[in-house]
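Report on the following structure.
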Amino acid sequence: MRTRTGKPEDDPTGAEAEQAVPAPPAPRSPGVAVLTRLLVVLAVLAVAGGGIWLVTRASTPEASPTTTEIPALQVKAADVRPGSVAPAGGAVAGGAEQQTSPQQARPRETGPATLAQWAAQVAGATGVPARALQAYGNAELAMRADQPGCKISWATLAGIGRIESNHGQYAGAVLGADGRPSKPIIGVPLDGSAGVQAIGDTDGGRYDGDASVDRAVGPMQFIPGTWRKWASDGNGDGLGDPQQIDDAALAAARYLCAGGRDMASPSGWWAGILSYNNSTEYAQKVFGLADGYAKAAQAARKQG
């Protein structure tokens, strides 16, 4: 037989050990027990909630502030009255005297090189990446072939591209040789919150990764529903991709030329830009950029 200490009765230390056994702890009150359980439940919920948040963040496209930063804050608006004048006309991409055709309609071994050489020269004068200039110049050439009365200029497209995505370089993206940014350019949800329109989903998340509301996408920031109407193939690969700058620039040119608009006239130019973004400040900023790009290119050409 053993005592509570677990030692035999004839163990000489048993009595002393018996006295050394501490008294059992006093039972906790019901209130303390309930509080303890509540804290455990809250901890479990916090961990589970954190896991759900992480999963949600991982599956949601990163929303860039492109949409809310239109017009770009760092671009100065030109001091010009809307409708009074159009920007300076830039020399036709590839050289006015060459009457260069759009890149997709030219022989592969000669066409792109001519446009690329023009873009390299103009890039040095304007600060616009050469790959983006190829897209803007190609869109101008394509429209001169398809809608010569529109007279859309690469410089105007470059002005829009600068404000919309910094020529496909928004938020650290790098515009690749294939004309695609290193990471998709996706705007904030157009959910009607401060500073943005309320536009319900039109693409099931196909272009913007959001099946609840629309987001503007790509270097020229097309809303999916608008892209579906104006989707274009600017690089001749048989596809229309709003993230690919050749496609996006040509789609923007077609949009601006809609309805037989003359983009070389003051009224036509302002009407086109305001249809793209109905903001006078936005149009004045595009004007200043387009005018500056065109004049810089003209000066570079005169210098040889």
Side-chain angles (χ1 to χ4, degrees), residues 61 66 92-94 98-120 123 128-150 152-154 156-158 160-161 164-165 167-170 173-187 201-211 214-259 263 276:
T66 300
V92 177
Q98 297 176 21
Q99 293 300 307
T100 314
S101 302
Q103 65 182 18
Q104 65 266 33
R106 298 183 307 195
R108 184 177 298 275
E109 66 275 11
T110 60
T114 302
L115 188 60
Q117 290 170 357
W118 168 84
V128 179
R131 184 61 186 85
L133 282 168
Q134 285 183 251
Y136 305 141
N138 183 70
E140 174 188 327
L141 295 169
M143 294 310 295
R144 283 179 177 270
D146 188 55
Q147 287 181 241
C150 176
I152 182 71
S153 168
W154 63 266
T156 289
L157 295 172
I160 293 174
E164 299 291 358
S165 70
H167 311 298
Q169 302 174 111
Y170 187 80
V174 176
L175 191 62
D178 63 355
R180 290 181 172 81
S182 56
K183 54 184 177 181
I185 298 175
I186 302 175
D201 176 65
T202 61
D203 67 335
R206 176 184 177 187
Y207 296 112
D208 57 13
D210 193 331
D214 269 352
R215 301 174 184 229
V217 296
M220 304 301 275
Q221 285 289 276
F222 273 95
I223 294 170
T226 306
W227 177 258
R228 187 165 57 248
K229 180 178 180 180
W230 297 99
S232 303
D233 176 18
N235 63 349
D237 65 355
L239 303 173
D241 180 1
Q243 296 288 348
Q244 206 280 333
I245 197 166
D246 297 307
D247 295 352
L250 181 55
R254 293 178 57 226
Y255 180 92
L256 292 169
C257 291
M263 288 295 293
Y276 206 93

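Since this is a predicted model, take the numbers as computed values, not measurements.
- To the nearest 0.5 angstrom, Thr114 atom OG1 is 6.0 Å from Gln117 atom CD.
- Summarising the geometry of Ala123 relative to Pro129, their closest heavy-atom pair is CB-C, 4.4 Å, with the distance given to 0.1 Å.
- When all heavy atoms of Thr202 and Arg228 are compared, the pair lying nearest together is O-NH1, 2.9 Å.
- Of the inter-residue distances, the one linking Asp178 atom CG with Gln243 atom CD reads 11.5 Å to the nearest 0.5 angstrom.
- Annotation: the span from His167 atom NE2 to Met220 atom CE amounts to 9.5 Å, rounded to 0.5 Å.
- For Trp227 and Phe222, the ring centers are positioned less than 6.0 Å apart.
- Within the 4.5 Å cutoff, the side chain of Pro224 has no heavy atoms near those of the Arg206 side chain.
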Give the C-alpha distance, both sets of side-chain angles, the deciding distance and a yes or no for side-chain contact (heavy atoms from CB on, under 4.5 Å) between Leu141 and Trp154.
CA-CA 9 Å; Leu141 295 169; Trp154 63 266; over 6 Å; no
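- For the residue pair Leu250 and Met143, the shortest heavy atom distance occurs at CD1-SD, 4.1 Å.
- In this structure, the separation between CG on Leu256 and OG1 on Thr156 is 8.0 Å, given to the nearest 0.5 Å.
- Put simply, the side chain of Gln147 never gets that close to the backbone of Arg144: no donor and acceptor are under 3.5 Å apart.
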With side-chain contact (heavy atoms from CB on, under 4.5 Å) as the test, would you mind laying out the steps for Tyr207 and Ile186 before giving the verdict?
CA-CA 9 Å; Tyr207 296 112; Ile186 302 175; over 6 Å; no
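- Judged as a ring-ring contact (aromatic ring centres under 6.0 Å, His included), and not counting sequence neighbours, the contacts of Tyr276 are Tyr255.
- Scanning both residues, Glu164 and Pro219, for their nearest heavy atoms gives CB-O, 3.5 Å.
- Residues Asp247 and Ser232 have side chains that never bring a donor and an acceptor to within less than 3.5 angstrom of each other.
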Would you sort out whether Asp237 and Asp246 count as a side-chain contact (heavy atoms from CB on, under 4.5 Å), showing the intermediate values?
CA-CA 10 Å; Asp237 65 355; Asp246 297 307; over 6 Å; no
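- Taking CD from Gln221 and CD1 from Ile185, the interatomic distance works out to 7.0 Å, rounded to the nearest 0.5 Å.
- When every heavy atom of Arg254 is checked against every heavy atom of Trp230, the shortest pair comes out as NH1-O, 2.9 Å.
- For the pair Asn138 (side chain) and Gly234 (backbone), a donor-acceptor distance under 3.5 Å is present.
- Contact between Arg131 and Ile245 at its shortest, heavy atoms only, is NH1-CG2, 4.2 Å.
- In terms of modelled atom types and a separation under 3.5 Å, the side chain of Asp210 and the main chain of Asp214 share no donor-acceptor contact.
- Under the 4.5 Å side-chain criterion, counting only non-hydrogen atoms from C-beta, Asp203 is in contact with Asp208.
- Applying the salt bridge (Lys or Arg N to Asp or Glu O under 4.0 Å) criterion to Asp241, with sequence neighbours excluded, gives Arg180.
- Summarising the geometry, atom CD1 belonging to Ile223 is positioned 13.0 Å from atom NZ belonging to Lys229; distances are rounded to the nearest 0.5 Å.
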